[in-house]
Number of protein chains: 2
Amino acid sequence: MDKTPRLREQACFALYTASRAVIGLYRPMLDKLGLTYPQFLVLMALWETDGLTVTALGDTLQLDSGTVSPLLKRLEAAGFVERRRGDGSGDERRVTVHLTEAGAALESRGCEVTQVVGGASGMSYEDLVALRDKLTEFTESIRTRETND
Amino acid sequence: MDKTPRLREQACFALYTASRAVIGLYRPMLDKLGLTYPQFLVLMALWETDGLTVTALGDTLQLDSGTVSPLLKRLEAAGFVERRRGDGSGDERRVTVHLTEAGAALESRGCEVTQVVGGASGMSYEDLVALRDKLTEFTESIRTRETND
DNA sequence: CACAACTTAGTTGTGCGCAATCAAGTTGTG
DNA sequence: CACAACTTGATTGCGCACAACTAAGTTGTG
């Protein structure tokens, strides 16, 4: 029984490293669009459903307001999105996030990026799908156990 | 052909989310040891091989000096590690990192944490090993393609 | 020896990520 | 209506990550 866990044997470390590696793979391509990876995720969410509230965006990306608010501030400053308070709902607390023309225009180039990254991953489509499903299962499983101490 | 990639379908997003979720699972336990996850990784590397240089630590954790240097500064301030310049090698550029007594003493409690997290992941040992290997393969594959533009 | 090229750590600046806190707005209950 | 509980988004503070740069030390070449 080797009680000392080796770094290389830890699935969590592999996860941590892999995550940073993919983002690093995206980086040079996203740089050309003037985006960071989290900013790109926001746009992907909006390309799918424009006009999400800040909370809905946070739920989608699994990020809290302390991350999303400044993220949107930068995206707004860059001219990719626009925030509107009390948009139609009559609830003045709600802020909806909308793509600008520039933000919407990035969609096709953005999709290209995901294609290229998928190809550069060195894995087949089937493998990627299997990995994604395994990871999603993993995350769900963790979230349900989050109350642990 | 749906050209617009959905966030939920992206393996990269699943990776990004899963990574943060595991670290979140570690957080409350590591808080009790006074450590963050990256700091815990440094200690794991040192429990395995004490006296690594800053560069060797960076290679092990796949982090550059801009991340490792301040990380070690905080770990040193917390009394878990100690840095020594030109340690024996006669090369005054090299800084080796050594566990203090307090740092070494955390090992058994640290190992416990990895056990608990492994259990709380909701996956079998075999599944975790398979996932880890898939992720390692993924990362390696990406690193070899990093010269892409 | 001279000196350019390189290696090693560290610093600076920007952008996440998250806990904690806050202010403004809304809702439920009496 | 009054007012406590809640929701929504923003702010603050700290610790990563990483690019770009710097300073100090080492090595290879003539």
Side-chain angles (χ1 to χ4, degrees), chain A residues 13 16-28 30-31 34-42 52-78 80-81 83-87 89-97 143 146, chain B residues 13 16-28 30-32 34-42 52-59 61-78 80-81 83-87 89-97 143 146:
Chain A
F13 176 62
Y16 167 74
T17 303
S19 174
R20 281 166 30 233
V22 198
I23 294 177
L25 189 55
Y26 270 101
R27 204 184 315 281
L30 291 182
D31 274 352
L35 294 171
T36 63
Y37 185 67
Q39 288 169 6
F40 181 60
L41 292 181
V42 169
L52 288 170
T53 63
V54 174
T55 313
L57 253 177
D59 288 348
T60 304
L61 306 182
Q62 306 265 42
L63 292 168
D64 78 352
S65 71
T67 302
V68 173
S69 283
L71 193 49
L72 291 175
K73 211 169 177 177
R74 285 182 286 269
L75 274 173
E76 190 163 35
F80 296 130
V81 305
R83 281 181 287 187
R84 296 181 206 146
R85 188 168 285 273
D87 185 56
S89 73
D91 187 337
E92 285 301 314
R93 293 170 307 179
R94 292 177 123 77
V95 171
T96 53
V97 185
R143 296 242 184 263
E146 252 178 2
Chain B
F13 176 62
Y16 167 74
T17 304
S19 174
R20 282 167 28 236
V22 196
I23 294 177
L25 189 54
Y26 270 102
R27 204 185 314 280
L30 292 181
D31 273 352
K32 291 178 185 164
L35 294 171
T36 63
Y37 184 68
Q39 289 169 6
F40 181 61
L41 292 180
V42 169
L52 289 170
T53 63
V54 173
T55 314
L57 254 175
D59 288 348
L61 305 183
Q62 308 265 39
L63 293 170
D64 78 353
S65 71
T67 302
V68 173
S69 283
L71 193 48
L72 291 174
K73 209 170 179 176
R74 285 183 285 270
L75 274 173
E76 190 164 35
F80 295 131
V81 306
R83 280 182 288 187
R84 296 182 205 146
R85 189 168 285 274
D87 186 55
S89 72
D91 187 338
E92 286 300 315
R93 291 169 307 179
R94 292 176 122 76
V95 170
T96 53
V97 186
R143 296 242 185 264
E146 252 177 0

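Chain naming here is simple, since letters A, B, ... match the order of the sequence lines and numbering starts at 1 in each.
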Asks: At 4.0 Å (heavy atoms only), tell me whether A:Ile23 reaches a base, stays on the sugar-phosphate, or touches nothing.
Replies: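 Result for A:Ile23 = nothing.
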Asks: Counting just side-chain N and O atoms, does B:Thr36 come under 4.0 Å of either OP1 or OP2 of D:dG15?
Replies: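 No, B:Thr36 has no side-chain N/O under 4.0 Å of OP1/OP2 on D:dG15.
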Asks: So what's D:dA24 paired with, Watson-Crick or G-U wobble, going by both distances under 3.5 Å?
Replies: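 Pair assignment: D:dA24 / C:dT7.
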Asks: Identify the two heavy atoms, one from A:Leu72 and one from A:Val81, that lie closest to each other, and give their separation to 0.1 Å.
Replies: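 What the structure gives for the nearest pair is O-CG2, 4.1 Å.
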Asks: Could you check which of C:dC18, D:dA17, C:dT26 has an atom nearest any side-chain atom of B:Arg20?
Replies: C:dC18
Asks: Do any side-chain nitrogens or oxygens of B:Arg93 fall under 4.0 Å of OP1 or OP2 in D:dA23?
Replies: no
Asks: Reckon B:Tyr16 has a side-chain N or O less than 4.0 Å from the OP1 or OP2 of C:dC16?
Replies: no
Asks: Could you tell me which nucleotide pairs with D:dC14 by Watson-Crick or G-U wobble geometry, both distances under 3.5 Å, or answer none if nothing does?
Replies: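 Result: C:dG17.
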Asks: Ignoring backbone atoms, establish whether A:Arg83 has a side-chain N or O less than 4.0 Å from OP1 or OP2 of D:dA10.
Replies: yes
Asks: When you check the phosphate oxygens OP1 and OP2 of D:dT8, does a side-chain N or O of A:Arg94 lie under 4.0 Å from one of them?
Replies: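 For A:Arg94, the contact criterion (side-chain N or O under 4.0 Å from OP1 or OP2 of D:dT8) is met.
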Asks: Under 4.0 Å between a side-chain N or O of B:Ser69 and OP1 or OP2 of C:dG10?
Replies: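 Yes, such a contact exists.
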Asks: Return yes if some donor-acceptor pair links the side-chain N/O of A:Arg20 with the main-chain N/O of B:Gln62 below 3.5 Å, else return no.
Replies: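 Checked: pair present.
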Asks: So which heavy atom on A:Ser19 is nearest to which on B:Ser19, and how close?
Replies: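 Distance-wise, the nearest heavy atoms are CB-CB, 3.8 Å.
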Asks: Given atom CG of B:Asp59 and atom C1' of C:dT8, what is their separation to the nearest angstrom?
Replies: 12 Å
Asks: Does the plane of the ring in A:Tyr26 sit parallel, tilted or perpendicular to the ring in A:Tyr37? Use 30° and 60° as the thresholds.
Replies: tilted
Asks: Between B:Gln39 and D:dG15, does any side-chain N or O lie under 4.0 Å from OP1 or OP2?
Replies: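 So the side-chain polar atoms of B:Gln39 never come under 4.0 Å of the phosphate oxygens OP1 or OP2 of D:dG15.
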Asks: Under 4.0 angstrom, heavy atoms only, what part of the nucleic acid is B:Gly90 near: base, sugar-phosphate, or nothing?
Replies: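 Sugar-phosphate contact only.
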Asks: Taking only side-chain N and O atoms of A:Lys73, does any of them lie within less than 4.0 angstrom of OP1 or OP2 on D:dT11?
Replies: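 The answer is yes; a side-chain N or O of A:Lys73 sits under 4.0 Å from OP1 or OP2.
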Asks: Does any nucleotide pair with D:dT29 by Watson-Crick or G-U wobble geometry, both distances under 3.5 Å, and what is it?
Replies: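 C:dA2 - that is the nucleotide pairing with D:dT29, both distances being under 3.5 Å.
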Asks: Has B:Thr67 got a side-chain N or O lying under 4.0 Å from the OP1 or OP2 atom of D:dC18?
Replies: no
Asks: What are the two closest non-hydrogen atoms of A:Gly58 and A:Val68, and how far apart are they?
Replies: CA-CG2, 4.0 Å
Asks: For D:dA17, take OP1 and OP2 only and decide whether either is under 4.0 Å from a side-chain N or O of A:Arg27.
Replies: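 Indeed not, no polar side-chain atom of A:Arg27 lies that close.
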Asks: If you assign each of B:Pro70 and B:Asp64 to its closest nucleotide in DNA chain D, which residue comes earlier from the 5' end?
Replies: B:Pro70
Asks: Select from B:Asp91 and B:Gln62 the residue whose nearest nucleotide in DNA chain D is closer to the 5' end of that strand.
Replies: B:Gln62
Asks: Of A:Tyr37 and A:Ser65, whose nearest nucleotide on DNA chain C comes first from the 5' end?
Replies: A:Tyr37
